[in-house]
Amino acid sequence: MTVRSTPLNAVTAHKQYSEMTDMPSAHSVKAQDKYPTRLFRAPTYVTQPRREAVVKGRHLAGPLTEAQLDEFERKGFLFIPNLISGDELDALRQEMSGLMNNDAYRDRAFSVTEPESHEIRSLFAIHKLSDRFGKLASDERLAGAARQIIGDDPYVHQSRINYKPGFAGKGFDWHSDFETWHAEDGMPNMHAISASLILTDNHEFNGPLMLIPGSHLQFVPCLGETPKDNHKNSLKAQEVGVPSSEALTKLVDEHGIEAPKGKAGGLLLFDCNTLHASNANLSPDPRSNVFFVFNRPDNRCIKPFAAPKPRPDFLAHGLEGR
Ligand code: 6CS
Ligand code: FE
C-alpha cells in the first residue's frame, strides 16, 4: 500500500506552482510541496499534521531555559515579560516614533498606511532602515532564543513595526504566517519564528495578539488562488490564506485562545505556524510592536509554492538579511 505524504486530492486540486524548472540559482533547488495551500476546492482533510520538530536547538547556546523551551514546544509561543526596560526601552520607542513619523517613508512600497488617517500602520525592513533596530535584530536575547528554537544561527526573513493608534487601529483575521511565507515567499519548511517586542503596554482593550496554543502542530490548508501582487492588499487586510471557520472552530475547541499581555518591553516569541489574530484597538492607548522573523539558512525561500511570482525583498529578505 503506498502511503501518500499528502492526500491525493490536495495535490490534484493544487495548481502546480511548485513545478520546478532547473534554474541556475537558489531556485534550482527542487522542492516537494509539503504543505499544499491556496487550493481550488476544499480538500477532504481540515488540517494536516506538522512535519518538522518545533524546538531543534536544545544543544545550542542561548538565553532560554529548558522550561521555556518546553513551553514553546507545547504551546507554539512563549511570552517573556519585561525583557527590556529603562533607557534601552525609551531609546527603542524614540527610534520607532522617528521611523513611523518620517514623511520620506509614507507612500513607499515598504510602508502600509491607514486608509483614513494616512498614518503609517506597518513599516517593513526596519533592521535595514535603522542601525538601532539592526543591532536589536542580532541581539543575543532575540537571535539567541531563535537559534535555540530553529536549530541554527538565524537570518532575518522579515522585520516590521506594527502600530495600532488608539480608537483607529484595525484588527487582523486569524492566519498562520507560515501559510503566507510558504505560498507567497517560497519558504519550504517550518523552521522560522517571529520575535515580537512590545513597545507599548499590551492590555486586553488595545488589540493584543491572540494565539491558539497548540495550533502550530497542525497546518491548515487555505482555499483560493493567490491574486497577482496580493501583498498590496494582504498587508492591510488578509483575504486569501485565511483558515476555514471549520478548522478554526476545531482548533479553538481543542486548545482555546490566549492573549499574552504585559508592560512595554515584553518579548513574545511565536512559531511560524501558530495561528494568531488581533482585534481592533478601541481603547485610547496605542499598541505598537516591533517584529523580527528569524529563519534557518537551510530553509531559505526558493520559488513561491502557490503564487504567480515572489514578493518584494522588503517582505522576504534572502540570506543577505543576516
Ligand atoms: O504577509 C506577511 O508576511 C505578514 N502578514 C501577516 C498577516 N502577518 C505576518 C507577516 O508580517
Ligand atoms: Fe501574522
Side-chain angles (χ1 to χ4, degrees), residues 35 37-38 76-77 109-114 120-129 133 137 146 155-164 169-188 190 192-198 202 207-212 215-216 219-220 222 224 226-243 248 251 257-260 268-280 287-295 299-301 304-318 321:
Y35 298 103
T37 189
R38 311 284 166 102
F77 61 90
F110 54 83
S111 73
V112 179
T113 48
E114 293 282 0
I120 297 181
R121 157 197 168 110
S122 291
L123 186 67
F124 287 89
I126 54 154
H127 66 297
K128 292 180 176 270
L129 293 174
F133 282 121
Y155 75 90
V156 176
H157 165 71
Q158 183 182 107
S159 70
R160 70 188 186 282
I161 292 173
N162 276 352
Y163 182 77
K164 263 190 197 176
K170 297 261 176 311
F172 242 101
D173 278 336
W174 288 105
H175 65 280
S176 150
D177 292 340
F178 175 76
E179 194 276 344
T180 292
W181 298 337
H182 181 73
E184 299 189 52
D185 300 334
M187 186 183 283
M190 296 181 184
I193 67 158
S194 285
S196 165
L197 181 71
I198 59 177
N202 273 215
L209 203 66
M210 304 183 293
L211 304 110
I212 301 176
S215 61
H216 61 310
F219 179 75
V220 182
C222 297
T226 308
K228 195 166 162 308
D229 293 335
N230 182 47
H231 65 278
K232 289 185 179 159
N233 301 309
S234 67
L235 298 176
K236 289 189 192 258
Q238 184 158 350
E239 263 111 43
V240 178
V242 177
L248 286 168
L251 289 166
I257 297 175
E258 289 187 28
L268 175 65
L269 300 170
F270 58 104
D271 184 85
C272 58
N273 189 48
T274 303
L275 287 176
H276 58 284
S278 62
N279 283 319
R287 184 196 78 125
S288 174
N289 302 344
V290 52
F291 286 78
F292 297 102
V293 178
F294 293 112
N295 189 21
N299 191 43
R300 72 187 180 290
C301 296
F305 286 90
K309 62 181 173 58
R311 298 196 301 174
D313 286 353
F314 68 83
L315 285 172
H317 300 279

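The analysis underlying the following values was restricted to heavy atoms, covering all of them including side chains, and did not include hydrogens, waters or symmetry mates. Just follow the structure's listing: the first ligand is 1, and inside any ligand the first atom is 1.
A donor-acceptor contact closer than 3.5 angstrom is absent between the side chains of E239 and N233.
Polar contact check, Q158 against ligand 1: a nitrogen or oxygen pair lies under 3.5 Å apart. Taking any N or O of T180, backbone or side chain, none lies under 3.5 Å from an N or O belonging to ligand 1. Of the N or O atoms in R160, one or more lie within a sub-3.5 Å distance of an N or O in ligand 1.
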Problem set entry | Audit row: H127, F133, ring-ring contact (aromatic ring centres under 6.0 Å, His included) steps and yes/no | CA-CA 5 Å; H127 66 297; F133 282 121; over 10 Å; no
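Considering only non-hydrogen protein atoms, atom 9 (C) of ligand 1 sits nearest to D177 OD1, 3.0 Å. Scanning the protein heavy atoms around atom 6 (C) of ligand 1, the nearest turns out to be H175 NE2, 3.6 Å.
When you scan the N, O or S atoms of D177 for the one nearest the Fe ion (ligand 2), you land on OD1.
Each of N295, N299, D185 was checked for a side-chain hydrogen bond (donor to acceptor under 3.5 Å, both in side chains) with H157, and the lone residue meeting it is D185. Here the options are H231, H175, R38, the test is side-chain contact (heavy atoms from CB on, under 4.5 Å), and the partner is T180; only R38 passes.
In this pair, F178 and Y35 present their aromatic rings perpendicular. The plane angle is above 60°, beyond the 30 to 60° band.
Within the 4.0 Å heavy-atom criterion, neither part of H231 lies near ligand 1. Counting heavy atoms under 4.0 Å from ligand 1, residue R311 touches it through the side chain alone. Contacts between L235 and ligand 1 below 4.0 angstrom, taking non-hydrogen atoms only, involve the side chain exclusively. If you look at W181 next to ligand 1, the close heavy atoms, those under 4.0 Å, all belong to the side chain.
With ligand atoms numbered from 1 in the order given, ligand 1 contributes 7 (C) to contacts under 4.0 Å with heavy atoms of Q238.
A salt bridge is defined here as a Lys NZ or Arg NE, NH1 or NH2 lying under 4.0 Å from an Asp or Glu carboxylate O, and D229 with R311 fails to meet this definition.
A cation-pi arrangement is absent between R121 and Y163, since the terminal nitrogen or guanidinium carbon is not both under 6.0 Å from the aromatic centre and inside a 45° cone about the axis.
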